[in-house]
Structures are given as structure tokens and as C-alpha cells.
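Below is one structure, written out as C-alpha cells, with a few remarks after it.
All residue numbers refer to positions in the sequence shown, counting from 1.
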Amino acid sequence: MPAAEGPLVVGVDTSTQSTKALVVDVATGRVVASGQAPHTVTSGAGRESDPRQWWDALCEALRQCGEPAHEAAAVSIGGQQHGLVTLDAQGEPVRPALLWNDVRSAPQGRRLIEELGGAKFWAERTGSVPAASFTVTKWAWLAEHEPEAVRATKAVRLPHDYLTERLTGEGTTDRGDASGTGWWASGTEAYDEEILAHVGLDPALLPRVVRPGEVAGTVRDSHDLPFSKGTLVACGTGDNAAAALGLGVRPGTPVMSLGTSGTVYAVSRHRPADPSGTVAGFADARGDWLPLACTLNCTLAVDRVANLLGLDREAVEPGPGVTLLPFLDGERTPNLPRSSGLLHGLRHDTTGGQLLQAAYDGAVHSLLGALDLVLGEDDEDTDPSAPLLLIGGGARGTAWQQTVRRLSGRPVQVPEARELVALGAAAQAAGLLTGEDPAAVARRWDTAAGPVLEAVERDEETLARIAGVLSDAAPLLERTPDTE
């Protein structure tokens, strides 16, 4: 392997299922070493993980990176958003973290909207309307169901904050991840004292919000990682903001991420505020904004349908008339947290491959409807002919690519770079060393380069059929399951 041309940095992605680490050459963007280790998530009514697993996974991922990790001059951590991490006076978890896809707090979310000014108040104050995924609703759920855990909590963190603090010894976060809590005011870019008082959360328990480009701290003496004492630590950010950095996205460029959840977003110069709650008005990691819509059900749901049918995930077949709404974990866009999956149009001649294609269609339909709203937030920078950047674990799947292409009617570009969240974190770390805008670093690394699939005529018939089923089935989808 050729020697690095510039200093080395480490970018980390601590996601729902695993932690990945990349050692990257700042001069060229070349990945010098990488590592990955899993962690577990509970099943059933809740979705929880022990934060200490994240640390153990980070240690193992960096061990796999070998000697290059020892040479890193800076590190940054990107992580899954919204998760509620509660720590005691010794910095140990009070209980497992409540993750973004834990929807038990849906009732608390509805109550918070009603009790504090309605959806318009929340959208104007925080940029978003609190859904079950947001940290503020999880804190309200915890206060209601586990008051002893709340009393024992001496610090509240997000997943990436937890790891950053274990590196530096100081509680910090960034504006991108803070904007997904529901208690950070996007207009003033500060914690909202009225909201915090309403949910009974002392602002002294929250981390300091580090400005873009500011050093969060340095690696302290006591740790289990291969970094030298004094290695610079960037503030990190949430996974979607990190991926936007990793792509070097310019305002108005649409991005669709196909992972456990599906997200669509675009960088905007304008602060978003959607009172419908579909578009979350997140901040990005640079100083702009990242209007974003998220679906709970994406690759994991489609893979589950494939498994139920005993099919490979690529074994799709065309066929008219069958509609599958793969809302296996409830849904966030549309906002149906208690919904379950729904199949309509089944016939004697319906094949398994057609059912699987219908699952893809149902997932992509939700994402494209959300994308229209995201891009509507920033018309002046939007180019309808620009390729849709397709990223995430599903982006390299032919069935996903062709479904997005057919239902969007847009050209689709699939960046060749992998692990964009970790690359974005690495670009942020590199910016500390060079003084560059991290998005400019990523563009210099040419991370968005990849094949472009030409546009095809949009499948209006399938889009209209799915929309009709979704509308007609609303009473069923909104009904509370008997099992709860």
C-alpha cells in the first residue's frame, strides 16, 4: 500500500446495528484502513441498546484498523440520531438507550404538541414537529414510565455525544444532532428553556453545543483506543448530516438514503419549518440547514418480506395490481406509528416475485412523496433534472436502483464511495487540520463520483394505485393493534 501523502484522520459511524471506523488520508481521501464491529438492538415493543456496546464496538473497529489508527491526528464521530442516553453521576448508563426507531413514545409526542402551542409552535420554534423518534418524546416517555431512571440521570446525551465524551471527558454535541432532539430552538440555535421546563429537563444536564469548525476537545489519558493523548476531536454530528458532509452536497441536490430507515434530504440555505411534521427542519453540520424526511421502513422491511417469501432480495418480478405497504415497524412518513403492513390486490396468479416488487414500490413511494416536500422547501436551488444521489446499504441493489428510477422519473447517481457517514466524519476531522469547509474537503476527495442511470418515464399508474390504497386504508392503518 502506498504511503499516505498527508496527515491521517479517523471517521466513525456508530449506527443502529454496528460501528465502523475509517482511517483516511487527508490529502487524497484514500481509505488507508477500516474496521467494523456489531452491536445488538432489542426486539419487541421497544428498540434499545446498551451504550457501552458502542464503545466496545468502537475499540474493536479501531483495533482492526491497526497501526494507521495510531498515527491519526484528528477523529470525529457520526452517529444514529435521536437516541436518548441517560448517564449517572459516574458517567455510566442509567438504563439502555432508547433508539430512534423506538415508537413507544408516540402518545407522549401527541400530548406535547397539544400541551405546548400545537404543531405550528413546534415547527417555528424547533424546526420540526415532535414524532415518536425525537429525543424529547422519549424523555417524556421515560419520565412517565420510569421516574426512578429520570431521578438517577445526571447527564443526557445523544449516541454520538456519548462516544465523543468518552474520548475527551467533556460533554459536547453539535448543531446538526442537537436539532433532532426537539429541545433545541432552530431560530436562536440554543436550547429552548420553555420546552425543557415543560418536560422537566434541567438544561445543566445537556451537552455544550460546539460550533462548526470548533475543536470539541482532545483525547484524554484514560481510554482504550489507539489514539495519542492530545489527538484532536471534532464535535461529530448525526448520521444524515455526516453523510451530507461525506458527499460534499451543495444546496438543492436531492439525496435518498436506503438503510434500516429511509431518508430523503437536501442542503438548504433557509431554515425549514413544516407544521405538517413531514419535513424535519434539521440543521446541517456546517451552518446551513438539512430539511429531511424519514421513513421507518426501508431495507430491513423489504428484506423481511423477501425472507417470508423465501426469495433472494433481487428476485423481483413485474406485475400489475398488487400493493404492499411495508409498515412493519409502524411508520413515520406517513405519520402512522401504530400501523402494520398491509397487502391489497392479491390474486391466484400473483407470484412471490410480484409481492416482493410491491414491497419495494411501497417503500419507495413513501420516500418520493417525502422528497417532493423536502425540495419544495428550497425551490430556488432545486434543479428538477439533477440526478438523485442514491446512498446507503440498499443503493447498490439493482432492485432498489430500478424501483427508484422507475417511480421517480429522474436520473439516479450511485456514488462509488462507501461508508459515507464515516467519510463525512473524516472530512469534519480533516477540516480541523486544514481549516477547510468539510464539504469542500469531501468534494476534493470526489466522494460523490459514480455511475449515473438515465431517467426513464415515471410509472404514474403504480404511484396512483399506491396512493389510492393508502388513502382508502387510512382507518385500518390508524387503528391501534389488538396486541398493544
Any chance you could measure [X], atom [atom1], to [Y], atom [atom2], to the nearest 0.5 Å?
X	Y	atom1	atom2	answer
Ser179	Arg271	OG	CZ	11.5 Å
Thr231	His70	OG1	NE2	11.0 Å
Asn101	Arg47	CG	CZ	6.0 Å
Leu206	Thr173	CG	OG1	9.5 Å
Gln413	Leu247	CD	CG	9.0 Å
Arg52	Arg166	CZ	CZ	9.0 Å

State, with a plain yes or no, whether a side-chain heavy atom of [X] is found less than 4.5 Å away from one of [Y].
X	Y	result
Leu98	Trp141	yes
Val267	Arg250	no
Val404	Leu390	yes
Val264	Leu292	no
Asp88	Thr153	no
Pro93	Pro51	yes
Val364	Trp400	yes
Val24	Arg30	no

Any donor-acceptor pair under 3.5 Å linking the side chain of [X] with the backbone of [Y]?
X	Y	answer
Asp161	Thr164	no
Tyr191	Pro207	yes
Glu314	Thr398	yes
Thr333	Cys294	yes
Arg175	Asp284	yes
Ser105	Ala132	yes
Lys229	Thr218	no
Arg410	Glu454	no
Thr168	Val219	no
Gln36	Ala61	no

Inspect the contact between [Y] and [X] and indicate whether a charged nitrogen and a carboxylate oxygen are less than 4.0 angstrom apart.
X	Y	result
Glu170	Arg220	no
Asp174	Arg211	no
Arg269	Asp288	no
Arg286	Asp437	yes

Trace of the side chain to side chain contact (heavy atoms under 4.5 Å, CB included) decision for Leu158 with Val85:
CA-CA 6 Å; Leu158 296 164; Val85 180; over 6 Å; no

Assess the side chains of [X] and [Y]: does a donor N or O sit below 3.5 Å from an acceptor N or O?
X	Y	answer
His39	Thr19	yes
Trp100	Thr16	yes
Thr295	Asn297	no
Thr137	Gln108	no
Thr181	Thr135	no
Asp177	Thr237	no
Gln80	Thr14	no
Thr172	Arg208	no

Can you name the closest pair of heavy atoms from [X] and [Y] and give their distance?
X	Y	value
Arg396	Glu416	NH2-O, 2.6 Å
Thr40	Ser49	O-OG, 2.7 Å
Ala33	Cys65	CB-O, 3.3 Å
Ala119	Val129	O-CG2, 3.7 Å
Ala74	Ala429	CB-O, 3.7 Å
Pro130	Val136	CB-CG1, 4.0 Å

[atom1] ([X]) with more than 12 external heavy atoms under 6.0 Å:
X	atom1	answer
Arg95	CZ	yes
Arg418	CZ	no
Glu193	CD	no
Arg313	CZ	no
Glu92	CD	yes

Evaluate the ring planes of Phe282 and Phe134, with Trp represented by its six-membered ring, and classify them as parallel (under 30°), tilted (30 to 60°) or perpendicular (over 60°).
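It falls in the tilted class, 30° to 60°.
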
Take Glu436 and Thr434 through the test side-chain hydrogen bond (donor to acceptor under 3.5 Å, both in side chains) and record every step on the way to the result.
CA-CA 5 Å; Glu436 293 173 273; Thr434 67; 2.9 Å; yes

Lys/Arg cation over aromatic Trp184: Arg125, 6.0 Å, 45° cone:
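Ring-cation test returns no.
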
Name the one of Leu116, Leu142, Leu112 that satisfies side-chain contact (heavy atoms from CB on, under 4.5 Å) with Val199?
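Filter result, single survivor: Leu112.
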
From CA spacing to verdict: side chain to side chain contact (heavy atoms under 4.5 Å, CB included), Trp183, Val156:
CA-CA 12 Å; Trp183 55 57; Val156 172; 4.0 Å; yes

